[in-house]
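The analysis underlying the following values was restricted to heavy atoms, covering all of them including side chains, and did not include hydrogens, waters or symmetry mates.
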Amino acid sequence: MEATPNHTQAVSGWAAMDASGEVVPFSFKRRETGVDDVTIKVQYCGMCHTDLHFIKNAWGITMYPVVPGHEITGVVTKVGTNVSGFRPGHRVGVGCIAASCLDCDHCRRSEENYCDKVTLTYNGIFWDGSVTYGGYSSMIVAHKRFLVKIPDSLPLDAAAPLLCAGITVYSPMKQHGMLLGEAGRSLGVVGLGGLGHVAVKFGKAFGLRVTVISTSPAKEREARESLKADDFVLSTDHKQMQAMARSLDYVIDTVSAQHSLGPILELLKVNGKLVLVAAPDKPVELPSFPLIFGKRTVSGSMTGGMKETQEMMDLCGEHNITCDIELVSTDRINEALARLERNDVRYRFVVDIAGNGSRL
(Lines give C-alpha, C1' and ligand atoms only; values in the text may rest on other atoms or scores of the structure.)
Protein backbone atom coordinates (compact mmCIF):
# COMPACT_ATOMS: atom_id res chain seq x y z
CA MET A 1 0.00 0.00 0.00
CA GLU A 2 2.94 2.39 0.61
CA ALA A 3 3.71 4.83 -2.18
CA THR A 4 7.32 5.59 -1.16
CA PRO A 5 10.36 3.40 -0.51
CA ASN A 6 11.12 4.70 3.01
CA HIS A 7 8.34 2.66 4.61
CA THR A 8 10.63 0.05 6.13
CA GLN A 9 9.56 -0.24 9.78
CA ALA A 10 7.61 -3.48 10.25
CA VAL A 11 4.48 -3.08 12.34
CA SER A 12 1.88 -5.48 13.66
CA GLY A 13 -1.66 -4.19 13.84
CA TRP A 14 -5.33 -4.91 13.35
CA ALA A 15 -7.28 -3.97 10.24
CA ALA A 16 -10.62 -4.34 8.51
CA MET A 17 -10.06 -5.85 5.08
CA ASP A 18 -13.59 -5.26 3.79
CA ALA A 19 -17.01 -3.93 4.85
CA SER A 20 -17.94 -7.09 6.79
CA GLY A 21 -16.99 -5.32 10.00
CA GLU A 22 -14.43 -7.90 11.11
CA VAL A 23 -11.02 -6.69 12.28
CA VAL A 24 -8.12 -9.12 11.85
CA PRO A 25 -4.36 -9.14 12.56
CA PHE A 26 -2.50 -7.22 9.87
CA SER A 27 1.21 -6.69 9.23
CA PHE A 28 2.38 -3.57 7.40
CA LYS A 29 5.22 -1.04 7.28
CA ARG A 30 5.50 2.54 8.46
CA ARG A 31 7.86 5.24 7.27
CA GLU A 32 11.28 5.74 8.78
CA THR A 33 11.59 8.42 11.45
CA GLY A 34 12.11 11.63 9.47
CA VAL A 35 13.86 14.75 10.70
CA ASP A 36 10.56 16.20 11.94
CA ASP A 37 9.08 12.92 13.14
CA VAL A 38 8.51 11.19 16.45
CA THR A 39 8.23 7.41 16.68
CA ILE A 40 5.94 6.08 19.39
CA LYS A 41 5.39 2.68 20.94
CA VAL A 42 1.62 2.51 21.19
CA GLN A 43 0.31 1.52 24.61
CA TYR A 44 -3.42 2.20 24.27
CA CYS A 45 -5.91 3.27 21.63
CA GLY A 46 -9.44 4.44 22.30
CA MET A 47 -12.28 3.03 20.24
CA CYS A 48 -14.39 5.77 18.66
CA HIS A 49 -17.72 5.35 16.90
CA THR A 50 -15.97 6.78 13.85
CA ASP A 51 -13.86 3.61 13.79
CA LEU A 52 -17.02 1.62 13.30
CA HIS A 53 -18.17 3.87 10.45
CA PHE A 54 -14.87 3.44 8.61
CA ILE A 55 -14.62 -0.29 9.29
CA LYS A 56 -18.05 -0.86 7.73
CA ASN A 57 -17.63 1.82 5.04
CA ALA A 58 -20.76 3.55 6.29
CA TRP A 59 -19.72 6.80 4.60
CA GLY A 60 -18.56 5.18 1.37
CA ILE A 61 -14.98 6.49 1.61
CA THR A 62 -13.05 3.67 3.28
CA MET A 63 -9.78 2.57 1.66
CA TYR A 64 -9.22 -1.06 2.60
CA PRO A 65 -7.34 -2.37 4.42
CA VAL A 66 -8.11 0.20 7.10
CA VAL A 67 -6.25 0.27 10.42
CA PRO A 68 -8.54 2.32 12.71
CA GLY A 69 -7.75 4.33 15.81
CA HIS A 70 -7.25 8.04 16.47
CA GLU A 71 -7.13 8.12 20.27
CA ILE A 72 -3.55 6.93 20.65
CA THR A 73 -1.34 7.11 23.72
CA GLY A 74 2.14 5.73 24.09
CA VAL A 75 5.80 6.37 24.79
CA VAL A 76 8.34 8.04 22.52
CA THR A 77 11.09 5.70 21.31
CA LYS A 78 12.88 7.88 18.75
CA VAL A 79 12.88 11.48 17.51
CA GLY A 80 14.14 13.18 14.37
CA THR A 81 17.00 15.65 14.31
CA ASN A 82 14.68 18.68 14.02
CA VAL A 83 12.55 17.67 17.01
CA SER A 84 13.19 19.59 20.22
CA GLY A 85 9.98 19.32 22.25
CA PHE A 86 9.94 15.55 22.63
CA ARG A 87 12.48 12.92 23.61
CA PRO A 88 12.52 9.16 24.19
CA GLY A 89 10.51 8.19 27.24
CA HIS A 90 8.00 11.04 26.96
CA ARG A 91 4.34 10.09 27.37
CA VAL A 92 2.47 11.37 24.32
CA GLY A 93 -0.79 11.22 22.45
CA VAL A 94 -1.83 11.27 18.79
CA GLY A 95 -5.36 12.31 17.93
CA CYS A 96 -7.37 12.65 14.73
CA ILE A 97 -4.87 14.55 12.57
CA ALA A 98 -1.76 13.21 10.82
CA ALA A 99 -1.00 16.20 8.59
CA SER A 100 -2.26 19.49 7.17
CA CYS A 101 -0.90 22.05 4.72
CA LEU A 102 0.78 24.04 7.56
CA ASP A 103 0.45 27.26 5.54
CA CYS A 104 -3.22 28.31 5.29
CA ASP A 105 -4.97 30.74 7.64
CA HIS A 106 -6.43 27.84 9.64
CA CYS A 107 -3.05 26.19 10.10
CA ARG A 108 -1.44 29.48 11.10
CA ARG A 109 -4.11 29.83 13.79
CA SER A 110 -3.59 26.19 14.85
CA GLU A 111 -6.99 25.24 13.54
CA GLU A 112 -5.45 22.38 11.59
CA ASN A 113 -8.66 20.39 11.84
CA TYR A 114 -10.33 22.88 9.47
CA CYS A 115 -7.51 22.93 6.90
CA ASP A 116 -8.76 22.05 3.41
CA LYS A 117 -5.85 19.63 3.08
CA VAL A 118 -6.12 17.97 6.50
CA THR A 119 -5.04 14.33 6.56
CA LEU A 120 -6.67 12.04 9.08
CA THR A 121 -4.68 9.70 11.29
CA TYR A 122 -6.16 6.78 9.39
CA ASN A 123 -7.82 6.39 6.00
CA GLY A 124 -6.09 9.53 4.78
CA ILE A 125 -3.39 10.30 2.23
CA PHE A 126 -0.15 11.53 3.79
CA TRP A 127 2.25 14.07 2.28
CA ASP A 128 4.28 11.27 0.65
CA GLY A 129 1.22 9.76 -1.01
CA SER A 130 0.89 6.81 1.36
CA VAL A 131 -2.33 5.76 3.07
CA THR A 132 -2.36 6.54 6.78
CA TYR A 133 -2.88 3.73 9.28
CA GLY A 134 -4.16 4.38 12.79
CA GLY A 135 -3.54 3.33 16.35
CA TYR A 136 -4.74 -0.26 16.32
CA SER A 137 -1.05 -1.04 15.87
CA SER A 138 2.14 -1.59 17.84
CA MET A 139 3.83 1.66 16.84
CA ILE A 140 3.22 4.85 14.93
CA VAL A 141 5.33 7.62 13.40
CA ALA A 142 3.93 11.14 13.82
CA HIS A 143 5.04 14.56 12.66
CA LYS A 144 6.13 16.64 15.66
CA ARG A 145 3.30 19.12 15.16
CA PHE A 146 0.58 16.51 15.47
CA LEU A 147 1.14 15.03 18.88
CA VAL A 148 0.71 16.25 22.45
CA LYS A 149 2.32 15.55 25.79
CA ILE A 150 0.26 13.61 28.32
CA PRO A 151 0.60 14.96 31.89
CA ASP A 152 2.19 12.52 34.31
CA SER A 153 -0.91 12.73 36.51
CA LEU A 154 -3.12 11.11 33.86
CA PRO A 155 -3.14 7.34 33.19
CA LEU A 156 -2.45 6.65 29.54
CA ASP A 157 -5.48 4.39 29.09
CA ALA A 158 -8.12 6.76 30.50
CA ALA A 159 -6.44 9.75 28.81
CA ALA A 160 -6.60 8.19 25.32
CA PRO A 161 -10.24 9.11 24.51
CA LEU A 162 -9.55 12.72 25.46
CA LEU A 163 -7.72 12.97 22.12
CA CYS A 164 -11.06 12.72 20.30
CA ALA A 165 -14.03 12.74 22.68
CA GLY A 166 -12.36 15.22 25.02
CA ILE A 167 -11.26 17.81 22.48
CA THR A 168 -14.54 17.43 20.56
CA VAL A 169 -16.50 18.83 23.51
CA TYR A 170 -13.76 21.07 24.93
CA SER A 171 -13.28 23.11 21.75
CA PRO A 172 -16.87 24.42 21.44
CA MET A 173 -17.14 24.90 25.19
CA LYS A 174 -14.12 27.19 25.04
CA GLN A 175 -15.26 28.94 21.85
CA HIS A 176 -18.64 29.83 23.33
CA GLY A 177 -17.35 30.96 26.71
CA MET A 178 -18.59 28.00 28.70
CA LEU A 179 -15.29 27.59 30.54
CA LEU A 180 -14.94 31.11 31.92
CA GLY A 181 -16.27 30.14 35.33
CA GLU A 182 -19.04 32.76 35.32
CA ALA A 183 -21.30 32.24 38.32
CA GLY A 184 -24.79 30.96 37.64
CA ARG A 185 -24.17 29.73 34.10
CA SER A 186 -25.86 26.49 33.09
CA LEU A 187 -25.06 23.76 30.59
CA GLY A 188 -27.27 21.05 29.12
CA VAL A 189 -25.62 17.88 27.79
CA VAL A 190 -27.74 15.84 25.38
CA GLY A 191 -26.74 12.19 25.47
CA LEU A 192 -24.66 10.52 28.15
CA GLY A 193 -22.13 8.48 26.20
CA GLY A 194 -18.47 8.83 25.30
CA LEU A 195 -18.73 12.53 24.42
CA GLY A 196 -21.48 13.44 26.87
CA HIS A 197 -19.85 12.14 30.02
CA VAL A 198 -16.70 14.16 29.30
CA ALA A 199 -18.78 17.29 28.66
CA VAL A 200 -20.39 16.82 32.09
CA LYS A 201 -16.95 16.54 33.69
CA PHE A 202 -15.70 19.71 31.97
CA GLY A 203 -18.85 21.59 32.93
CA LYS A 204 -18.57 20.63 36.59
CA ALA A 205 -14.84 21.41 36.68
CA PHE A 206 -15.50 24.95 35.48
CA GLY A 207 -18.40 25.71 37.79
CA LEU A 208 -21.36 25.30 35.47
CA ARG A 209 -24.70 23.96 36.62
CA VAL A 210 -24.99 20.83 34.49
CA THR A 211 -28.19 19.14 33.31
CA VAL A 212 -28.08 15.80 31.53
CA ILE A 213 -30.79 15.32 28.88
CA SER A 214 -31.37 11.72 27.89
CA THR A 215 -33.94 9.34 26.43
CA SER A 216 -32.90 6.69 28.96
CA PRO A 217 -34.23 6.86 32.54
CA ALA A 218 -31.54 4.33 33.51
CA LYS A 219 -28.92 7.05 33.01
CA GLU A 220 -30.24 9.27 35.81
CA ARG A 221 -28.50 7.56 38.70
CA GLU A 222 -25.20 7.50 36.86
CA ALA A 223 -25.55 11.17 35.88
CA ARG A 224 -26.32 12.36 39.39
CA GLU A 225 -24.25 10.04 41.56
CA SER A 226 -21.15 9.24 39.53
CA LEU A 227 -20.81 12.33 37.36
CA LYS A 228 -22.35 14.77 39.87
CA ALA A 229 -24.76 16.33 37.38
CA ASP A 230 -27.07 18.85 39.04
CA ASP A 231 -30.20 17.87 37.12
CA PHE A 232 -31.48 15.13 34.86
CA VAL A 233 -34.25 15.49 32.28
CA LEU A 234 -35.91 12.65 30.44
CA SER A 235 -36.33 14.09 26.96
CA THR A 236 -39.34 11.84 26.24
CA ASP A 237 -41.20 13.28 29.25
CA HIS A 238 -43.06 16.37 28.06
CA LYS A 239 -43.69 17.68 31.58
CA GLN A 240 -40.03 17.43 32.56
CA MET A 241 -39.00 19.22 29.37
CA GLN A 242 -41.57 21.97 29.93
CA ALA A 243 -40.37 22.48 33.49
CA MET A 244 -36.85 23.14 32.17
CA ALA A 245 -37.91 25.58 29.44
CA ARG A 246 -35.65 28.65 29.07
CA SER A 247 -33.35 27.49 31.86
CA LEU A 248 -30.04 26.78 30.09
CA ASP A 249 -27.35 29.09 28.73
CA TYR A 250 -25.70 26.42 26.60
CA VAL A 251 -26.45 22.97 25.25
CA ILE A 252 -23.99 20.49 23.76
CA ASP A 253 -25.74 17.84 21.67
CA THR A 254 -23.69 14.63 21.48
CA VAL A 255 -26.37 12.36 20.00
CA SER A 256 -25.46 10.67 16.71
CA ALA A 257 -28.99 9.39 15.98
CA GLN A 258 -31.53 11.40 13.97
CA HIS A 259 -33.63 13.63 16.23
CA SER A 260 -35.42 16.95 16.36
CA LEU A 261 -33.63 19.99 17.75
CA GLY A 262 -36.90 21.80 18.48
CA PRO A 263 -37.53 20.48 22.02
CA ILE A 264 -33.87 20.97 22.91
CA LEU A 265 -33.88 24.57 21.69
CA GLU A 266 -36.85 25.31 23.95
CA LEU A 267 -34.63 24.54 26.94
CA LEU A 268 -32.33 27.46 26.10
CA LYS A 269 -32.67 30.95 27.47
CA VAL A 270 -32.99 33.86 25.07
CA ASN A 271 -29.61 34.18 23.30
CA GLY A 272 -28.79 30.61 24.26
CA LYS A 273 -26.38 28.52 22.21
CA LEU A 274 -26.75 24.94 20.97
CA VAL A 275 -23.67 23.17 19.60
CA LEU A 276 -23.81 19.94 17.60
CA VAL A 277 -20.73 17.72 17.95
CA ALA A 278 -22.11 14.40 16.67
CA ALA A 279 -22.88 13.41 13.10
CA PRO A 280 -26.24 11.68 12.61
CA ASP A 281 -26.47 9.69 9.38
CA LYS A 282 -29.66 11.55 8.46
CA PRO A 283 -30.38 15.30 8.75
CA VAL A 284 -31.65 16.54 12.11
CA GLU A 285 -34.94 18.41 12.29
CA LEU A 286 -34.48 22.15 12.89
CA PRO A 287 -37.75 24.07 13.31
CA SER A 288 -37.48 27.83 12.88
CA PHE A 289 -39.82 29.06 15.63
CA PRO A 290 -37.63 28.14 18.63
CA LEU A 291 -34.76 29.95 16.91
CA ILE A 292 -36.69 33.07 16.01
CA PHE A 293 -38.62 33.53 19.24
CA GLY A 294 -35.59 32.87 21.42
CA LYS A 295 -32.85 34.54 19.38
CA ARG A 296 -30.99 31.28 19.77
CA THR A 297 -27.94 30.06 17.87
CA VAL A 298 -27.18 26.60 16.49
CA SER A 299 -23.63 25.76 15.44
CA GLY A 300 -21.37 22.79 14.89
CA SER A 301 -17.86 21.89 15.91
CA MET A 302 -15.34 19.22 14.91
CA THR A 303 -12.49 18.10 17.20
CA GLY A 304 -9.90 20.86 17.68
CA GLY A 305 -6.50 22.18 16.67
CA MET A 306 -3.21 21.07 18.15
CA LYS A 307 -2.58 24.00 20.52
CA GLU A 308 -6.11 23.66 21.84
CA THR A 309 -5.68 19.91 22.26
CA GLN A 310 -2.53 20.40 24.34
CA GLU A 311 -4.30 23.09 26.37
CA MET A 312 -7.19 20.70 27.03
CA MET A 313 -4.84 17.89 28.03
CA ASP A 314 -2.98 20.16 30.45
CA LEU A 315 -6.25 21.30 32.04
CA CYS A 316 -7.33 17.68 32.38
CA GLY A 317 -4.08 17.06 34.22
CA GLU A 318 -4.74 19.99 36.58
CA HIS A 319 -8.34 18.98 37.26
CA ASN A 320 -7.78 15.19 37.14
CA ILE A 321 -10.28 14.76 34.31
CA THR A 322 -10.17 11.44 32.47
CA CYS A 323 -12.64 9.29 30.58
CA ASP A 324 -14.55 6.41 32.15
CA ILE A 325 -13.35 3.42 30.19
CA GLU A 326 -13.55 -0.31 29.66
CA LEU A 327 -10.14 -1.80 28.83
CA VAL A 328 -10.22 -4.32 25.97
CA SER A 329 -7.53 -6.83 24.96
CA THR A 330 -6.59 -7.01 21.29
CA ASP A 331 -8.20 -10.43 20.91
CA ARG A 332 -11.56 -8.93 21.88
CA ILE A 333 -11.60 -5.96 19.49
CA ASN A 334 -14.45 -7.42 17.43
CA GLU A 335 -16.51 -8.14 20.53
CA ALA A 336 -16.03 -4.55 21.66
CA LEU A 337 -16.97 -3.20 18.22
CA ALA A 338 -20.19 -5.23 18.30
CA ARG A 339 -21.03 -3.82 21.72
CA LEU A 340 -20.14 -0.31 20.57
CA GLU A 341 -22.56 -0.67 17.67
CA ARG A 342 -25.41 -1.29 20.12
CA ASN A 343 -24.15 1.42 22.51
CA ASP A 344 -23.30 -1.14 25.18
CA VAL A 345 -20.29 0.61 26.68
CA ARG A 346 -19.60 2.75 29.71
CA TYR A 347 -18.41 5.10 28.35
CA ARG A 348 -15.47 4.40 26.06
CA PHE A 349 -13.64 1.26 25.02
CA VAL A 350 -9.85 1.48 25.08
CA VAL A 351 -7.77 -1.22 23.40
CA ASP A 352 -4.79 -2.42 25.43
CA ILE A 353 -2.44 -2.49 22.44
CA ALA A 354 0.73 -3.28 24.39
CA GLY A 355 -0.97 -5.87 26.59
CA ASN A 356 -0.20 -4.03 29.79
CA GLY A 357 -3.37 -5.12 31.57
CA SER A 358 -2.97 -2.20 33.95
CA ARG A 359 -2.68 1.56 33.88
CA LEU A 360 0.56 3.36 33.07
Side-chain angles (χ1 to χ4, degrees), residues 1-9 11 13-16 26 28-40 42 45-55 57-74 79-80 82-83 85-86 92-137 139-148 160 163-168 171 279 300-310:
M1 292 293 293
E2 291 79 14
T4 54
N6 70 329
H7 287 242
T8 60
Q9 300 197 76
V11 184
W14 294 264
F26 176 61
F28 61 100
K29 292 181 179 180
R30 292 200 186 275
R31 70 182 186 273
E32 287 294 316
T33 308
V35 295
D36 293 312
D37 287 337
V38 177
T39 296
I40 303 149
V42 178
C45 186
M47 186 178 286
C48 178
H49 212 279
T50 299
D51 298 348
L52 200 58
H53 287 307
F54 274 108
I55 287 168
N57 198 23
W59 295 326
I61 57 173
T62 301
M63 296 178 283
Y64 293 107
V66 60
V67 178
H70 57 206
E71 301 177 347
I72 308 160
T73 56
V79 299
N82 289 347
V83 177
F86 301 94
V92 296
V94 176
C96 303
I97 307 172
S100 65
C101 80
L102 305 181
D103 192 45
C104 67
D105 288 343
H106 295 298
C107 286
R108 285 193 286 269
R109 292 194 296 264
S110 192
E111 295 176 343
E112 298 92 345
N113 51 316
Y114 295 114
C115 173
D116 285 342
K117 297 180 181 179
V118 67
T119 298
L120 300 181
T121 298
Y122 67 87
N123 202 71
I125 302 297
F126 196 64
W127 291 320
D128 63 7
S130 62
V131 175
T132 55
Y133 292 143
Y136 291 24
S137 59
M139 60 87 78
I140 192 167
V141 181
H143 186 275
K144 63 184 180 181
R145 177 155 174 169
F146 299 101
L147 72 163
V148 297
L163 293 157
C164 175
I167 188 59
T168 295
S171 182
S301 185
M302 179 188 71
T303 64
M306 295 312 302
K307 286 184 179 178
E308 200 169 57
T309 302
Q310 185 67 68

> Got a sec, which residues hit salt bridge (charged side-chain N to carboxylate O under 4.0 Å, His left out) with Arg108, two or more places apart in sequence or on another chain?
Replying inline: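 Scan of Arg108 (salt bridge (charged side-chain N to carboxylate O under 4.0 Å, His left out), adjacent residues dropped) gives Asp103, Asp105.
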For [X] against [Y], the heavy-atom pair lying closest together:
| X | Y | value |
| --- | --- | --- |
| Asn123 | Met63 | OD1-N, 2.7 Å |
| Trp14 | Val67 | O-CG1, 3.6 Å |
| Phe26 | Pro65 | CZ-CG, 3.5 Å |
| Ala160 | Gly46 | CB-N, 4.0 Å |
| Met139 | Arg30 | O-NE, 2.6 Å |
| Tyr122 | Tyr133 | CB-C, 4.0 Å |

> Who passes ring pair (Phe, Tyr, Trp, His ring centres under 6.0 Å) against Phe126, sequence neighbours left out?
Replying inline: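 Not a single residue meets the ring pair (Phe, Tyr, Trp, His ring centres under 6.0 Å) criterion with Phe126.
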>> Checking Trp59 now: which residues fulfil ring pair (Phe, Tyr, Trp, His ring centres under 6.0 Å) with it, not counting sequence neighbours?
In response: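 Ring pair (Phe, Tyr, Trp, His ring centres under 6.0 Å) check on Trp59 returns His53, Phe54.
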[X]: which residues meet the side-chain contact (heavy atoms from CB on, under 4.5 Å) condition with it, sequence neighbours left out?
| X | result |
| --- | --- |
| Val42 | Ile72, Ile140, Ile353 |
| Leu102 | Ser100, Trp127, Arg145, Phe146 |
| Asp37 | Arg31, Thr33, Val141, His143 |
| Cys96 | His70, Cys164, Thr303 |

> Distance only, no hydrogens: is a donor on one side chain within 3.5 Å (strictly under) of an acceptor on the other, for Tyr64 and Asn57?
Replying inline: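 On atom types as modelled, these side chains do not qualify, holding no pair under 3.5 Å.
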> With no hydrogens and no angle check, is any side-chain donor or acceptor of Thr121 less than 3.5 Å from a backbone partner on Gly95?
Replying inline: yes
> Would you say Lys117's side chain and Cys104's backbone share a donor-acceptor pair under 3.5 angstrom?
Replying inline: no
Calculate, to the nearest 0.5 Å, the distance between atoms [atom1] and [atom2] belonging to [X] and [Y] respectively.
| X | Y | atom1 | atom2 | result |
| --- | --- | --- | --- | --- |
| Thr50 | Ile55 | OG1 | CD1 | 10.5 Å |
| Thr309 | Asn113 | OG1 | CG | 7.5 Å |
| His7 | Phe28 | NE2 | CZ | 11.0 Å |
| Gln310 | Ile167 | CD | CD1 | 10.5 Å |

>> What verdict does the side chain to side chain contact (heavy atoms under 4.5 Å, CB included) test give for His106 and Val118, after you've listed the backbone C-alpha separation in whole Å, the side-chain angles of each residue and the deciding distance to 0.1 Å?
In response: CA-CA 10 Å; His106 295 298; Val118 67; over 6 Å; no
Residue list, side chain to side chain donor-acceptor pair (under 3.5 Å) with [X], at least two apart or on another chain:
| X | answer |
| --- | --- |
| Ser171 | Glu308 |
| Asp116 | none |
| Ser110 | Glu112 |
| Thr132 | none |

> After noting the C-alpha distance and the side-chain angles of Val131 and Ile125, does the key distance pass the side chain to side chain contact (heavy atoms under 4.5 Å, CB included) rule?
Replying inline: CA-CA 5 Å; Val131 175; Ile125 302 297; 4.0 Å; yes
